[in-house]
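Take a look at the structure below.
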Number of protein chains: 2
Amino acid sequence: MDKQTITIYDVAREANVSMATVSRVVNGNPNVKPATRQRVLKVIEELDYRPNAVARGLASKKTTTVGVIIPDVTNIYFSSLARGIDDVATMYKYNIILANSDESGQKEVQVLNNLLAKQVDGLIYMGHTLSDEVRAKFSRSKTPVVLAGTIDPDAQVGSVNIDYREASKFVVDKLIKDGNQKIAFISGSLSYPINSQYRLQGYKDALKANQLPYDESLVFETDYSYKAGEALWSQLTAAGATAAYVIDDELAVGVMNGMLDHGIKVPDEFQLITSNNTILTDIVRPKMTSISQPLYDIGAVAMRLLTKMMNKEEIEEKTILLPYDMVERGSTKG
Amino acid sequence: MDKQTITIYDVAREANVSMATVSRVVNGNPNVKPATRQRVLKVIEELDYRPNAVARGLASKKTTTVGVIIPDVTNIYFSSLARGIDDVATMYKYNIILANSDESGQKEVQVLNNLLAKQVDGLIYMGHTLSDEVRAKFSRSKTPVVLAGTIDPDAQVGSVNIDYREASKFVVDKLIKDGNQKIAFISGSLSYPINSQYRLQGYKDALKANQLPYDESLVFETDYSYKAGEALWSQLTAAGATAAYVIDDELAVGVMNGMLDHGIKVPDEFQLITSNNTILTDIVRPKMTSISQPLYDIGAVAMRLLTKMMNKEEIEEKTILLPYDMVERGSTKG
DNA sequence: AAGTTTCATAAAAACGCTTGCATTTTTGGT
DNA sequence: ACCAAAAATGCAAGCGTTTTTATGAAACTT
């Protein structure tokens, strides 16, 4: 049907110029006489020439492709970030290679090697934690890296987040102001710094600010799943908790439904604030009060930061904190 | 820190062999004396050599990368497919370039050109419809294409789906058997063949099989959003519908919540079956009865089919239908 | 022992483009 | 008109692989 391989050489021949000139017009180099440019463009059109990005990448050492490491695309939190990333990438003429890591260190390393072999111009990493091995690879490689929605305690690479500690303090504070004394902290693994060093600290900050004791039996470490949340109701009631701050929406829905299914009224007998303001918060009844994180923007800003790095522009601040907010819905009162 | 660029040539020099031999060991070509292979592998290890995939791509005309066109990653339906795609891709050593299209014809064409320029070895397309322009590009290009969860009436390229018509008939039939006479069909745009030619037909099939009249005022064409569903309650009650078959989960949740918020009891006064069995169906109260599509598998099988095509293997059947099922939950009775 | 095969390896030509440098053409000042 | 400076273009050397072809060495044949 078509033999396809129209090369820059074919265009050059037809247009009676050298490959170099064709290359210049394709790349928008201004040093081409307008008349010549027209002629070349016409031939390109006629021949339906499309530059081979692989050859271009080899010659220029730029692939206009960035690698994106994501724990799981089906997770709304991360896919929202990914959407922001892709939109900005497209805006700046980059493509993204998306790779699921399942948060597995081994898979991450493998994926990373792969991405570097493909000569991506930059990397965006998402995950709850950053293993030492991955971190080491990052600092050893000269490929720019930005973390999106992910904390690097060392702040070696770029990152975009909200102030998790402050946000946590803020919502727990609200729960206290609303009259709760025993507030559960429900999170994923506390081995993730983002949970233990930021959110849990924020929780403690709020307790302290209100002269409430920190009670370890109110801290629940589980995994980010609906089922896990659903199962928590008995422990919560046993601990005497009248409210909870949950750090993942799916988990939060599980907790809430678990309570409701066992006759505990929300928000009358139990109040709850979650963290990501995904569509889930709006879909359940009662609707859930949540911290609202600018997920799309975190992704978008991360990608924007990365473009600057890839472009070797001056970066004023590579650790970016975006503003957050809280939206009150039916799972809290007042 | 590191000058990074260890090339095959460096390895060859250190190991005292030619580049060709290094290439052979890297690519697992058997024509290498074991002793030589060991020596080369050792040097590769020492130098931490990593083959440059771009150069490899240029020389071999294979990029081990496939393009994936997706309407929107944040949509659980599509991200589930994408997850299946990526897992199988990884299994076969491919990477995926993920590009959001927003179902916009213009964006799709642009993305497609981009992907082809990047010399992807294959393409997976997802979307509700296939524009003529895109279809034309597919058939003109020699790059293999598979549609995932997407219908091509011409069946020119590979595709993986469930039998939407049959599934629709099946659930509407159940609704009728449960005593409903006036069943609404709530879908996205009927300009999409998947809706008009398959699901709506299945709906009609069921009516006919049960000697019920087809009433156009029970067909609701809207967009796939929660809000759109929420707004539908008044029209539904006005039309006298006592049940609905909804073709998107988010839309269905909207419909159900809209009903509930206006005092209509589900399932007592209104029953509802949705189509994708995503987590939403399990999270709402009452839980929603749904067709269960093997979303992950559709993506996985699509990718597997694509690997065969890229490998020029014999394909027995390129239009694949996967089995579906129905899971009964609280939004229907009995 | 000479002639065939096979194996293992090397040499070098692609692959399709970018880019620094050299060269030619155009422009503008006088 | 003439020359220097500026603009436009061409040349050719990469970029880091794969792959074809050629060659040398080892292993059989008879």
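Numbers restart at 1 for each chain; the letters A, B, ... are given by sequence-line order, proteins then strands.
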(request) For A:Val17, answer base if it contacts any base atom (sugar-phosphate contacts may also be present), sugar-phosphate if it contacts only those atoms, and nothing otherwise; contact means non-hydrogen atoms under 4.0 Å. (result) sugar-phosphate
(request) Could you note down all residue pairs passing salt bridge (charged side-chain N to carboxylate O under 4.0 Å, His left out) where residues 8-17 of chain A supplies at least one of them, sequence neighbours left out? (result) A:Asp10-A:Arg13
(request) Using the closest heavy atom to pick a nucleotide of DNA chain C for each, name whichever of B:Lys33 or B:Ala55 lands nearer the 5' end. (result) B:Lys33
(message) Within the 4.0 Å heavy-atom criterion, would you say A:Asn16 contacts the bases, only the backbone, or no part of the nucleic acid?
(response) sugar-phosphate
(message) Strictly below 4.0 Å: does A:Tyr9 bring a side-chain N or O up to OP1 or OP2 of C:dA14?
(response) no
(request) Would you kindly check whether a donor in the side chain of B:Arg50 faces an acceptor in the base of D:dG16, or vice versa, at under 3.5 angstrom? (result) no
(request) Go through the side-chain N and O atoms of A:Ser104 and A:Asp102 and say whether any donor and acceptor fall under 3.5 Å apart. (result) no
(request) Scan side-chain atoms only and decide if B:Arg50 and A:Asn114 contain a donor-acceptor pair under the 3.5 Å cut-off. (result) no
(request) Using only heavy-atom distances, determine whether the side chains of B:Thr64 and A:Lys118 contain a donor-acceptor pair under 3.5 Å. (result) yes
(request) Answer yes or no: does a side-chain N or O of A:Asn31 lie under 4.0 Å from OP1 or OP2 of D:dT9? (result) no
(message) Check the phosphate of C:dA10 against B:Thr21, side-chain N and O only, distance under 4.0 Å to OP1 or OP2. Yes or no?
(response) yes
(message) Looking at D:dG16, I'd like to know if its phosphate oxygens (OP1 or OP2) sit under 4.0 Å from a side-chain N or O belonging to B:Arg56.
(response) no
(message) Distance check needed: C:dT18 C1' versus A:Lys62 NZ, whole Å only.
(response) 11 Å
(request) Rounded off to whole Å, could you give me the NZ-to-P distance for the B:Lys118 and C:dC17 pair? (result) 15 Å
(message) Just N and O in the side chain of B:Thr36: are any of them under 4.0 Å from OP1 or OP2 of C:dA8?
(response) no
(message) Any side-chain N or O of A:Lys61 below 4.0 angstrom from OP1/OP2 of D:dG16?
(response) yes
(request) Give one of base, sugar-phosphate or nothing for A:Asn52, where a contact means two heavy atoms less than 4.0 Å apart. (result) sugar-phosphate
(request) Let me know, please, whether B:Ser18 or B:Leu58 comes out on the 5' side of the other along DNA chain C by nearest nucleotide. (result) B:Ser18
(request) Report the residue (B:Val54 or B:Arg24) whose heavy-atom-nearest nucleotide on DNA chain D is the more 5′ of the two. (result) B:Val54
(request) Any pair with a residue in residues 22-43 of chain B that passes salt bridge (charged side-chain N to carboxylate O under 4.0 Å, His left out), sequence neighbours left out, goes on the list, sorted by first then second residue, please. (result) B:Lys42-B:Glu46
(message) Just the rounded figure in Å: distance from C1' of D:dC15 to CD1 of B:Ile6.
(response) 16 Å
(request) Using a cut-off of strictly less than 4.0 Å, decide whether A:Ser23 has a side-chain nitrogen or oxygen near OP1 or OP2 of C:dT18. (result) yes
